[in-house]
Each structure stands twice: as C-alpha cells, then as structure tokens.
Amino acid sequence: MRWILGVFPLLVAGACLGAELVVYTYDSFVSWGPAQAIEEAFEAAHPGVDLVWVAPGDSSEMLARLIGERAAGGTEADVFLGIADVELPRALAQGAFQPYSPESIPNLAHVPAELLFDQTGHVIPFDHGYITFVYDSELLAEELIPQSLEDLTRPELKGKIVLEDPRTSSPGLSFLLWTIAHFGEEGWLDFWRDLFPNVLTVTKGWSEAYDMFLAGEAPIVLSYSTDTAYSYIAEGSLRYRVVTPDGEGYRQIEGMGIVSGTDQPELAHAFLDLVLSKEIQELIPTSQWMFPVSSEAELPEDFARYAVIPGHPVSLPPEYVAEHLEGWLSEWQRLLVGG
Amino acid sequence: MAKLEARGLTKRFGEVVAAQDVSFRVEEGELLALLGPSGCGKTTVLRMLAGLTPPDRGRVLIAGEDVTPLPPEARGVGLVFQNYALFPHLTVFGNVAYGLRFGRRLPRRERSRNVRKLLELVGLSGYERRRIHELSQGEAQRVALARALAPQPRVLLLDEPLSALDAALRVELRGELRELLKRLSITAVHVTHDQEEAMAIADRVGVMREGRLEQVDRPPELYERPRTPFVASFLGRANLWPGVIVSLSSGEALVEVAGVRIPAKGEAPAPGEEVYVFFRPEHVVIGEGPYEAEVRHAEFLGDRWQVHARFHRLPLLLFAHRALGGKVQFRFREPPRLLRR
Amino acid sequence: MALLPLLFLALSFFLPLWQVLSQGLKAEGRWTAARLAQLLSDPYVLHLLRFTLKQALLSSLFSLALGFPLGWLLARYDFPGKEAARAFTLVPFVLPPITVALGFILFFGNSGYLNRFLIGLFGLSSPPIKVLYSLWGIVLAHAFYNAPVFARFVSAAWEGLDPGLTEAARTLGARPFSVFLTVTLPQILPAILSAFALVFVFCFLSFAIPLALGGARYATLEVGVYLYARVYLDQGQAAALAILELVIALGLTYLYIRGGGIFTSRGQVGRPQATVKLFSRPRQLFWLPYLFLSVLVFLGPIGAVIADSFTRPWQGQGPTLAWYGMLFSPAQSPFIGGSPLASMALSLEVAGMTAFLALGLGILVCWALRRMRSVLLEALLMAPLAVSSVVLGLALLFAFRRPPLSALASGPWSIVLAHTLIVYPLVVRVIRPLWQGLDPALVEAARTLGAGGFLAFLTVELPLLSRGILVAGAFAFALSMGEMTAVAMLSRPGLVTIPLAIYHFLSARRFGAASAMATILILTTAGAVFLWEYMGRRLLRGQA
C-alpha cells in the first residue's frame, strides 16, 4: 500500500507539468479571431501550458452550462469570458466567480472607471458596444429613417421592423432596458403598445433577426452600432447604415472572471491581464466588432469612421435591473400576446 | 422404455385449466394422435412437449431423459405448425435447411444433399428456389413437414397439420403422411380435432376433454370400448342412455333404463348407482327382440339408412337396410356397455 | 442478460433526468405540487399551453395531409429517381431550425423567390403570399419537417402489406377506392398513428421554429422552460413546466400505445407489393397538383438555401463560390475546429455510430418490452423524446459529469452516447409495431428446429424486421446529423459537427458561409441515407 501513496503525488505532479487553462466563452469569440491570437500569446508567455477554449454555445448557454456543471459536481472551467453586464447579478448570486486580485492584473489600470461595472470585484470588462438600429438604405425611404424612438411608431413603418426577444437575446434585452430608461417605468409600456404593430416579428436571437434583415424581409433591425463598419470593412458595402434614435444606444459591457475553485489562479490572472493588453485590445474592433476597454488601444481608421458611439449612451445599473427584470419581462410578454 | 413420455403435465392460464395431470407414453416408432374439440388443451400439451410452454407441474421424458428444463432447441423435437409458420423471407431451400444450418450446423454440402433428399421424400423435387408465397397450401404443408424432419428429430410433433387443407386434399395427404412417418419409423404426436383423421392416421389415439386426457387406446378399442361417455360420443355415432343399476352378477349388470331392465357388460359400481348404457347403432339388430322403439324419421346415407327412433322417450340411433317406419322390435348383437356418469 | 443494458440506461440517464425534473416537485426541500398548481393558474402559461396544443394539432394534421400521399407515391409507384427521392425525404429532418427558417424566409418571405416571381408575373405592388410570421408559417414549416415522417412510416407499412388481401377485396367486388378504405387503410393505420404520436410530440416540443417563423407572439411551452431555466435561472419552475410538457407528451404516447395494439396487423411479410409506373394512366394526372405543391414546400426552401450559398446579397445576384472558398480557407479553420471536411467526417462518424447504437439499444428495448408487456413502462421509455430539450441538456450535463458516463466526457463518444439516448425511442416506435405484428409461431418454429433464442432472433425476427430497421436507422442517422442540444452541452474543442459549424458561421455574420455549410449538410445527409438504403435494400434482396 505504501508505494501507492508514494507514487500518487508523482502522478499528480506529472499531470501538472502539462498544465491546462480552460476558458469558457461564447462561440463567436473563438470564431472571430481574437481567441487564436490570445492563445498564441498566452502559450508563448507560459511554456508548457495549454490554453483550451470551450465555446459550443452563446453567452447565456455557456453561463448555463457553467452553473449547471458546478451544480452537478464540478467544472473544468478556470475562466469565464463573455458575461454580459445584465447577467452579472445572477451569476454572482450563484457564486460562479471568485474575486480577482487587482495587483496581479497591471493592465487594469488602463480601463476607465465608468466601464468597471462590477463593484464587487469579481468580473472585469474586456469590451463594450452599443445596441441601436440598423436600416437598409436600399429599402427604406430617407424620410422614414427613425431619428427618435417615437419615429419607430410611425404608421408608415407598419411591419417593417425586426426585433429580438428580450427574454432570449441580449440585444433584445438591451432594447427593453433602453425603453425603460428612456420612457421611465410609467411610459415604456405605452411606447411598446404603439411599437408592436410595426414589428414584423420578434426573433429568438440576433442571428435570426439579422439574417431576415439581410434577406430583405424588413428594412429596420435592432442590432449593433458597429454594423456599418463591419459591412464596409468585411464586404466593402455601405448599404446597411447605423442610426441612433435620439442620439441614444444601450451600452453593453462584456466581462470576464475567474471561476470559483479554480486550481490555476495564477494562470487565470495572467490570462485576464493578457486580454487587457494593448495588442489584444486592438484586435477587439475588427474581430469582435466591439469597442476595446483599454484606453491604450487605438482604433483602426475605417472602424473609427463608421462605428458609432452614441452621443448619449444609455445604461441601467445591473442590480436595479436584476431586481425588476422578471416583472418587466412578464408585463412585456403580456403585451406581446395581447393579454 | 417409451420414446416419449408425459407425466402429469398440468398448465393453467389464469383461471383456465388448459391441461390437468396429462400422462401418456409413446413407444419408439409409434404415432399417437391427441384428439379433442377445440379448446380442450391438446395444443397446450403439444407445446409443453416441444418446450414452447413451460408446464406448471409434470415432466416430459424423451428416451428416458427428463427434458422438462430444456429449451425447445435442445430437445430434439420437430414441430409442424398449424399455419406452417414457414419463414417468408427464405426460399423453400432456406426453410428446409434452417434446422440443419442453425440447429445441427451441418456443412453446406451435406446440408444441400439432405434438403434435396427431403424434398424428394415429400414429392417437391425442384422446388428449392421457390418463394414461400408462391406455394399452394398442399405444397406449403409438405415443406413444413420436410423442414421439421430435416434435423432428424427424436420426436415429431404435428399441430393440426392438415386443417388448412380442403377436404379431398386432406384425405389424400393424411394417407401419405402416415405412410411417410411409418416408412421413416418416426415417433410422432399428432394433434387434431378430426376424429376420422385421428383414427385413420394414428396407432393410438388419446381423447382430451377440458384439459384432461380421458382415454388412450388403439382406434378399434377406443371405438368399441370407450371408457367415458365423452369418448363414446366424440368418436363415431353413439347411443347413451341414462339408467340405474338394479343388480350385479359376474361380469354383467342389470340396468333399469326408462323403466325397462337391460343387461349390460362392463366394470360396474354398486347397485343403485346411476350409469350410462352405451351401444353403437351397428350393435342394434332390427327384427325380433325384447325391446320396442318408435321410428321418427330416417336418412338415406347411400349404403344404408340412418334411423332416428325413440325408446321410451330416449333417442335411439340405428342403421337399417331400408327406410323404416312405425314401431320396430330390436335386440342387441352383444350386451351394451356400462359407462360411469 | 438483456436487462443489463437497460439497467445501465436507467442509472446513467433516467436517474439524472429524474434529478433535474424532480426539482419541479420540490420547494424548500419538500415534495409539493404547489409549483405545478401555480403554473396552471398563470395566464401566460395557460396561453402557451393552449397555443402549443393548437399548433401541434394543426401541424400534425397538415404534415399528415402532405406526407401521406408521398408515402403512397413511394410505396405504390415507380418513377425515375425514386430511391434518390426516398433518401431526400429525410433531408428536412436534419436541417437545423435556423437553416429551415432561413430557407422559408428566402423562399416564402416578403422578398422571397415566390413572392418576387408572382409580383413579376402579375405586376403586383405588394407581396401576395403572406404566410410567414403567423400560425400558418409555423404549421407549414412543421409540415416541412414532419411530413417525411408520415411518408416514411406509411410507405414502410404499405410495402409490407400482403397484396393477397387487396386482391381478395378486389375479387369480392370492391372498387379500388373502397379497397383502400376498407383493407389498406386499416392495415397501415398503426403506422399512421405511430407517426402521428411522434409528430405531435415533436411539434408540441418545438421551440426554434415557432419563434423563428412566427416570432415571440407564437411562443410554445418550451419557450417558458427556456425562460425559467436560462433567463430567470429558476430550475424549479423550469422543471415544473417541463414536467407539464412531459406529462402531456407521454400521456398522448401512453394513450396511443394502449389503443395501438388493437390495430396491429398480423400480416405475413411475403410477396412484395406490385408497383405501378407513375403516369401510366390518365387518372394519375391527379398527382400533378400534389407534386407541384410538395415541390413548392420541400424543394423551395431547400433550393433557396442552396441558392443563397452562391450569392452575396450586397453585390446583386451574381453567382459566387466565395462562401465555399471561405469554408475551405485556412483562415477560417480554427473556428470550425479544423476544416469543413473534418466537420463532415465528425458528423458522419457520430451519426453512423449513433444509428448503430440506437438500433441496438432500440431493438433491445423492444425485446425487453415484448417480455414485460407494460404499457406504462413503454411510454416512460419514450421520455428522452418527450422531454424539453432544455431539461434534456441539463440531464445530459448531469449524466456525463458523473460516473459511469464521465469516463466518456471527452471525445466524440459522449456525443454519440447522448445522441443514442435521445434517438433510441424513435427506433422503438418504428420497430415495435412491426415486431408485434410478427407471427410468434415463426420464432417457435426456429426454436424447435434447434436454433436458440438469440439465433432465432438473428435468423428469423431480424430479417423480417429489416425494412423497419432500415427506416429506423435512417431516422436515427438523420436525427443525429441535425442534433444541437447535446452537442452544445457536451462538445469539446475540436469537436465541431456540421450544425455547430452552421451555428458558428451565423453568429459570426457569415450568413452565406452558413448556407454553404447547410448545403454541405443537405448533400452529406442525403448521400449517406441514399447509400444506407441502397445497400440495405440490395442486402435484403440478396438474402431473400
């Protein structure tokens, strides 16, 4: 028996030599490129360490998987990257993240304070973007371009808008919160009542909505403020244009955090620091089509020209959202089914 | 030692008793028929012999070996099914070769030689490549027989093998069947509800009723000396009169039937017991005699007349060479037999 | 012995499933029906329930109407390309809902091919066909998915009929139509009911299609499960709602199985059905409207997706191979886990192994059910097919996180096993009615001829069930090819199936590339199913 006790630590040590850092993220983060650059830089800086991306779903699916795995007895994830600001309170309530040590993340110094959405010290932002409207300049008459949220309710736009479901997609949720922030808790339902006749359909996620928009089903879609920059840089087209009604757009901040109970806390901190580095942050615009959080990062020229930061970014505090969300959603869905 | 023996086979399906304490022996090369009306349990007994239905009680012995715990495939029995159960996905050859291939596992060459021989035996040479749905009923029956014989079973079981055939073919084939089984000296149990078929084909016949085996005997004995009223009436035509024993002397009894005293033979219980008096129509001699009956009507059967008469309100069936009418006198060729009620 | 795999199934899968579901019957650690009662008094849930039942019923009926003639056509007529058409009927089954939705939008949408064609033809000012974003869009898309199920079940049952019976009816003076009503229809009714139960359950649990083609206004119960599980992270409510779904779905299955035995036919599989050349008689011109309609419904959306993979919308309609170039360019390879070829290979490998394992498990379950004869057990064994996919995902997560299945947590085996668990009920539903219809005397005959129980099964029952096994295998294969829930929950880096690759492309804005990948999925599936059935049929003919 004794020799087994002697051999066992050796086996464990052997496993540690080929250490792994497992990062859960959403699929498009891996598919668009920054993931590969991060992996190369990380593995160059930490020889013998294997960075493993696990990303078979969108952000909310991956968060559900993380929470589910933890409930089922444990997860392999060391870091979770891609948690939306509105999801934060729920994730924290589940104890999914452990606090980070700011001194182990020097690059945190370059992140402006207003983007640090987690006051509890668990999650750090890595990019941000704005939800607003995009129109098809070939299908929508110029005088119908919505300059304000009220413009969206004009009878001429009947059946011409595609929205995402606030219950199942993050752009959809952002828009709901935007209307609440804009019209207040008293007025937002009236706005929606007027808006619904103009909504061709409410899709489950962003992909379905944008797909419909590209297929010419409707000339206006709820989407991201970087879409014109994307279609210009990737496809050389300026057909799809961003508009910010009332100069507004709802701000989304995406964060990353260290999963509770990780066995690689040092590597996890090093990873967070790397994502905030100038080199990686400068990849964010043309791979994530979001804005970097680091003040050091410079934007590419075409991106800077066509990507829009609204004059009046809108956001609600996550704790406030968490407290009221269920009630808002049920009122919204009652209106949706005409009840 | 009997080739096949059933000892006290009993099977219940819920409330229904399908077989109750059924015992019999079949000697080497003997052909036993199990006869009975539908639902009497004869097929259940056959399935217990084959191992397809486990008995609740009782044993099955083949050549002295207790095979009760063995599954069907290990018993060395062949079974011809009522609807033949030929494999529709196989050819005639495939069907006949099945038991040689998967049961006895003969090499291919030997298999096809055997199959050819068997098909010749049942008169179906050249049918090897036919599909099952291309066969006539009679051909299908022969294929089923060849298939069951192929693995050279120790005992062959036949479950109403002729019932699906039309009448003329049935008579023709039953002769062939008996001839074939005798030529191969196969020990066989043949289940049927057709008494004529049972008597024509079998060395001995067992008559079943409501799960019980009432009597097993050679056909002539069974016919002449049935042991129960059921056997008497199920085989051929019978007269059964209820009566009470008045007195006994050696080998003979005096029975009072409808107020008339009739002497009868047979194992007799004590005086005062209620019994049946049994005799066949052909045992009745018309003309002079101590008894008188009143003719109701007569049917012409070709070679003779079948006469329905009354003997003191009791029905009486008898044969005559001419149409009878009115009152007739008769006697018995030999004394009627006594049967317990 | 046969029970061992079933015991394994119970421990490894049904136990975790129960653990997830049982949360719906507990509150603060105690057993209670309070959650269920609360749900049934929630007007939104009741609205979802009503709508879900309504759309499922309409969808099943419409699928039957569209699928039955197709099954008839495949069973009774000969026409060029019949085998290819048969293989193609499974294509809708494998397409991820998002691709089907895209196909419908591109074909039936406001600026879809059909509307543009009609506008051009009649000089209209607005699109004449407005079927999408309504109940009828959902029904049409469900029919697109599920009509092939009816077609498959009906043609398999019809081809297995004894032609002697219809001939007998004809000689008794019945006209062809009354022969159909009085002889043919009663015999294929079990297959139709079997398919109906299946399709109803599929439509009842449908999630993505109603959302994509109807929109959030036409949400089903499954949306409720999704909301509670994913958005509110309230597993208890999600489980309670899933229990409601499961009870309804299994209740229907139970009723079907209970009633189904009555209709089971004892037909001998013998002489094959004769087929007629299509359009050999003028009367058969009645087929033309149906063919036109089915080409519109089936080929329209699929053709639109394929066409979309050759166009760039912002550059006019000129054909381009750019999307395919993108699929195979090295720059894209990291995010589809190697290459499209690797995805194809993985999907084929997983689906192939799933088909074999699911057939094995399904047949084993049928075997066990034959001995146990418990209708309730039979219905419960359908649970993987009748449970919410959200809950199924959680159950799989639980199952594969714990021994014994955790040993398989990495590698394609976990996906294969998960797919097997999801797909085997389908195999059971296809094979079980056929098996019940077999004459038990055939096996008894084999046993008295010296073949043991297993050998008799292999040499008699299995060949006689082969037609059903062929169909079940094709379905299992197709279902695995298109499956996403388990893949999303269990897949690991480098394991990217084709649907997952489509999904990746969509979320990466490569819509054309997603269509190109969907085209690859269509061709791969149709090709593989064609090969499987072609070889299967040859094998059957060879052995017979």
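Here is how names work: the chains are called A, B, and so on, in the same order as the sequence lines, proteins then strands, and each is numbered from 1. A quick note: this is a predicted structure, and the numbers were derived from the prediction, not measured. All heavy atoms count here, side chains included; hydrogens, waters and symmetry mates do not.
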- Segment of A:Q94 engaging chain C (4.5 angstrom heavy-atom cut-off): side chain
- Fit a plane to each ring of A:W289 and A:Y230, take the angle between them on a 0 to 90° scale, and name the class: parallel (under 30°), tilted (30 to 60°) or perpendicular (over 60°). perpendicular
- Item | side-chain hydrogen bond (donor to acceptor under 3.5 Å, both in side chains), paired with A:W206, selected from A:S169, A:S170, A:S223 | A:S223
- Query: Between A:Y306 and A:Y232, how do the two ring planes meet: parallel, tilted or perpendicular, split at 30° and 60°?
  - Reply: tilted
- Task: Identify which part of C:L106 has an atom lying under 4.5 Å from any heavy atom of chain A, answering side chain, backbone, both or neither.
- Result: side chain
- Query: chain C heavy atoms under 4.5 Å from A:D211: which part of the residue, side chain, backbone, both or neither?
  - Reply: both
- Should A:T203 and A:T201 count as side-chain neighbours, where that means a heavy-atom distance under 4.5 Å? yes
- May I ask you to name which of A:L63, A:L139, A:L200 has the most heavy-atom pairs under 4.5 Å with chain C? A:L200
- Cation-pi between A:R334 and C:Y44: NZ/CZ under 6.0 Å from ring centre and within 45° of the ring axis? no
- Do you know which of A:D136, A:V162, A:T75, A:V199 has the most heavy-atom pairs under 4.5 Å to chain C? A:V199
